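Okay, structure first, notes after.
When reading the values below, keep in mind they use all heavy atoms of this one structure, side chains included, and skip hydrogens, waters and symmetry mates. Bear in mind that the values here come from a model prediction, so they are computed numbers and not experimental data.
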Amino acid sequence: MLQKSNPKNDNIQVFIKDKLYPRSEAKVSVFDSSVQGGDAVWEGLRVYPEGVVCLDKHLTRLQESAKTLAFVDIPSKKFIKKAIKQTLDANGMNDDTHIRLTLTRGEKITSGMDPRLNQSGSCLIVLAEWKPLVYDNDHGIKVISTSQRRNSPQFLDSKIHHNNLLNNIIAKIQANVAGKDAGLMLDDRGFIAELNGSNLFMVKNEKVVTPFAHACLPGITRNSVIEMCKKHDIEISEADITLSQFYNADGVFATGTMGELTPVVEIDGRSISKDDSLQKKIISLFKKEVRGLCEKLD
């Protein structure tokens, strides 16, 4: 499913480092770490009139990812929130908006891998776009399992929400070549990890199961679904899950900020029903409760 350009985004204002720039002038240096080595961390945020969904949790993950990567200049939540509000206000946005929040290690004094070459401080980028949910959540998506495996912690810890996304991009390319919406990635042991851009859940016999977050990102929407199920006494657990189990699920759905909750209606040519009653209940509950997860910007 290919996202489309929105003319409303042609003249947006983008926050970079410490101020706003028109889209046509919003750039980082060729010496920036994001350009040099994908050396940056990021978050995707969804904006409703009630505020930004799970804002504090996203900012915590951003800061923790930056700390793991030994960034020496991590902006405070207060600074980041102010930058987000400034960007949204400048663009007149309070709904139907997605924010790509990026923190790079900053500009280097000369090209190279060594973080000691970064001597100008980190660079915060707030890119807010008019963007609806990226998937058709009424009809669902079709996916294919890919040969590209999700990293385990011994290679690159999935708990770091980093900008080096080639692992996922290769899986997405395989899905594109197959004419499917997303690539399903296994871990190094052959168990389900996640889609190339979102987490996965399956429903079987009135129970909900999601893969352990060993090789997948423990997503914030994923966590919201787990907490919501527990609140409504829906049995939910984490487990090592095989492709065969997913093929034979009563229902499968993906979770993420870009698409929220999306039924998966086909895996490797096997049809999956999107009409399971428990799955429909979970999706309905999330639609009702997501705005209660929003946090206002002061």
Side-chain angles (χ1 to χ4, degrees), residues 61 65 68 135 140-162 164-178 180-230 234-274 276 278-279 282-283 286:
R61 186 169 67 183
S65 294
T68 300
Y135 291 130
I141 58 174
K142 297 180 180 181
V143 309
I144 187 170
S145 58
T146 68
S147 63
Q148 190 70 19
R149 299 298 177 97
R150 196 67 169 92
N151 287 318
S152 69
Q154 65 183 314
F155 300 114
L156 185 58
D157 194 346
S158 64
K159 312 307 181 289
I160 309 169
H161 205 206
H162 55 80
N164 196 324
L165 298 174
L166 288 177
N167 182 243
N168 307 69
I169 290 169
I170 292 171
K172 176 59 176 170
I173 290 170
Q174 292 184 11
N176 289 347
V177 170
K180 304 303 178 184
D181 298 302
L184 192 157
M185 304 180 74
L186 307 179
D187 66 18
D188 60 317
R189 302 165 302 151
F191 293 106
I192 301 288
E194 60 184 347
L195 296 184
N196 62 268
S198 50
N199 292 125
L200 283 169
F201 288 77
M202 63 170 276
V203 179
K204 184 72 172 181
N205 298 328
E206 295 297 307
K207 299 176 183 178
V208 183
V209 189
T210 192
F212 284 120
H214 298 320
C216 74
L217 178 75
I220 289 170
T221 306
R222 172 185 182 272
N223 184 66
S224 296
V225 170
I226 291 172
E227 291 180 348
M228 184 186 72
C229 286
K230 290 178 179 177
I234 297 171
E235 186 171 344
I236 187 164
S237 61
E238 296 176 284
D240 285 327
I241 312 170
T242 65
L243 269 172
S244 178
Q245 289 174 289
F246 262 68
Y247 293 156
N248 292 286
D250 298 328
V252 175
F253 61 95
T255 65
T257 303
M258 289 278 279
E260 294 189 347
L261 271 59
T262 306
V264 176
V265 298
E266 181 186 288
I267 303 174
D268 295 339
R270 283 79 161 178
S271 295
I272 313 291
S273 174
K274 65 180 179 64
D276 177 78
L278 179 55
Q279 177 169 298
I282 292 169
I283 292 173
F286 188 83

- Message: If I compare all heavy atoms of Ala254 with all of Ser198, which pair ends up nearest, and what's the gap?
- Response: CB-OG, 3.6 Å

- Task: Drop me the distance from Gln279's CD to Ile272's CD1, to the nearest 0.5 angstrom.
- Result: 9.5 Å

- Task: Applying salt bridge (charged side-chain N to carboxylate O under 4.0 Å, His left out), name anything that partners Lys159, two or more places apart in sequence or on another chain.
- Result: Asp157

- Item | Any Leu166 side-chain heavy atom under 4.5 Å of Asn164 side chain | yes

- Query: Any side-chain heavy atom of Lys180 within less than 4.5 Å of one from Val143?
  - Reply: no

- Without hydrogens or angle criteria, can the side chains of Ser152 and Gln154 be said to hold a donor-acceptor pair below 3.5 Å? yes

- Query: Where do Pro153 and His214 come nearest, in terms of heavy atoms and distance?
  - Reply: CD-O, 3.4 Å

- Note on the structure: To the nearest 0.5 Å, atom CD1 of Ile144 lies from atom CG of Asp181 at 11.5 Å

Name the atoms and distances for all side-chain donor-acceptor pairs under 3.5 Å in residues 184-197, with sequence neighbours left out.
{"unit_1": "Asp187", "atom_1": "OD1", "unit_2": "Arg189", "atom_2": "N", "d": "2.8"}
{"unit_1": "Asp187", "atom_1": "OD1", "unit_2": "Gly190", "atom_2": "N", "d": "2.9"}
{"unit_1": "Asp187", "atom_1": "OD1", "unit_2": "Phe191", "atom_2": "N", "d": "3.0"}
{"unit_1": "Asp187", "atom_1": "OD2", "unit_2": "Arg189", "atom_2": "NE", "d": "3.3"}
{"unit_1": "Asp187", "atom_1": "OD2", "unit_2": "Arg189", "atom_2": "NH2", "d": "2.8"}
{"unit_1": "Arg189", "atom_1": "NH1", "unit_2": "Asp240", "atom_2": "OD2", "d": "3.2"}
{"unit_1": "Arg189", "atom_1": "NH2", "unit_2": "Asp240", "atom_2": "OD1", "d": "2.9"}
{"unit_1": "Glu194", "atom_1": "OE1", "unit_2": "Asn199", "atom_2": "ND2", "d": "3.2"}
{"unit_1": "Glu194", "atom_1": "OE1", "unit_2": "Leu217", "atom_2": "N", "d": "3.4"}
{"unit_1": "Glu194", "atom_1": "OE2", "unit_2": "Arg150", "atom_2": "NE", "d": "2.4"}
{"unit_1": "Glu194", "atom_1": "OE2", "unit_2": "Arg150", "atom_2": "NH2", "d": "3.1"}
{"unit_1": "Asn196", "atom_1": "OD1", "unit_2": "Gly183", "atom_2": "N", "d": "2.7"}

- Task: Find the distance between CD1 (Ile169) and NZ (Lys172) and round it off to the nearest 0.5 Å.
- Result: 11.0 Å

- Query: Does Leu200 reach the side chain of Val264, with side-chain heavy atoms less than 4.5 Å apart?
  - Reply: yes

- Query: Minimum heavy-atom separation for Ser158 to Pro218, with atom names?
  - Reply: O-CD, 4.2 Å

- Determine whether Leu261 and Ile282 make a side-chain contact, defined as any pair of heavy atoms from C-beta on separated by less than 4.5 Å. yes

- Message: Would you say that Ile283 contacts Pro263 through its side chain, given a criterion of any heavy-atom pair below 4.5 Å between the two side chains?
- Response: yes

- Message: Is a donor from one side chain sitting under 3.5 angstrom from an acceptor on the other, for Glu260 and Thr221?
- Response: no

- Closest non-hydrogen contact found for Ile241 with Thr210 is CD1-C, 3.8 Å

- Is it true that a side-chain atom of Gln174 and a backbone atom of Ala171 form a donor plus acceptor pair closer than 3.5 Å? no

- Task: Report yes if some heavy atom in the side chain of Val203 is under 4.5 Å from a heavy atom in the side chain of Val252; otherwise report no.
- Result: no

- Is atom CD of Glu235 surrounded by more than 12 heavy atoms (other residues, nucleotides or ligands) closer than 6.0 Å? no

- Task: Locate the shortest heavy-atom distance separating Leu156 from His162; write the atom from each residue and the value.
- Result: CD2-NE2, 3.2 Å

- Please answer whether the main-chain N or O of Ser145 pairs with a side-chain N or O of Asp268 as donor and acceptor at a distance below 3.5 Å. yes

- So which pairs with a foot in residues 235-273 pass ring-ring contact (aromatic ring centres under 6.0 Å, His included), sequence neighbours left out? Phe201-Phe253

- Report yes if the side chains of Val209 and Lys204 come closer than 4.5 Å at any heavy-atom pair, otherwise no. no

- Which heavy-atom pair separates Gly259 from Tyr135 by the least distance, and what is that distance? CA-CD1, 4.4 Å

- Task: Output yes when a side-chain donor or acceptor of Ser65 lies under 3.5 Å from a complementary backbone atom of Ile160, and no otherwise.
- Result: no

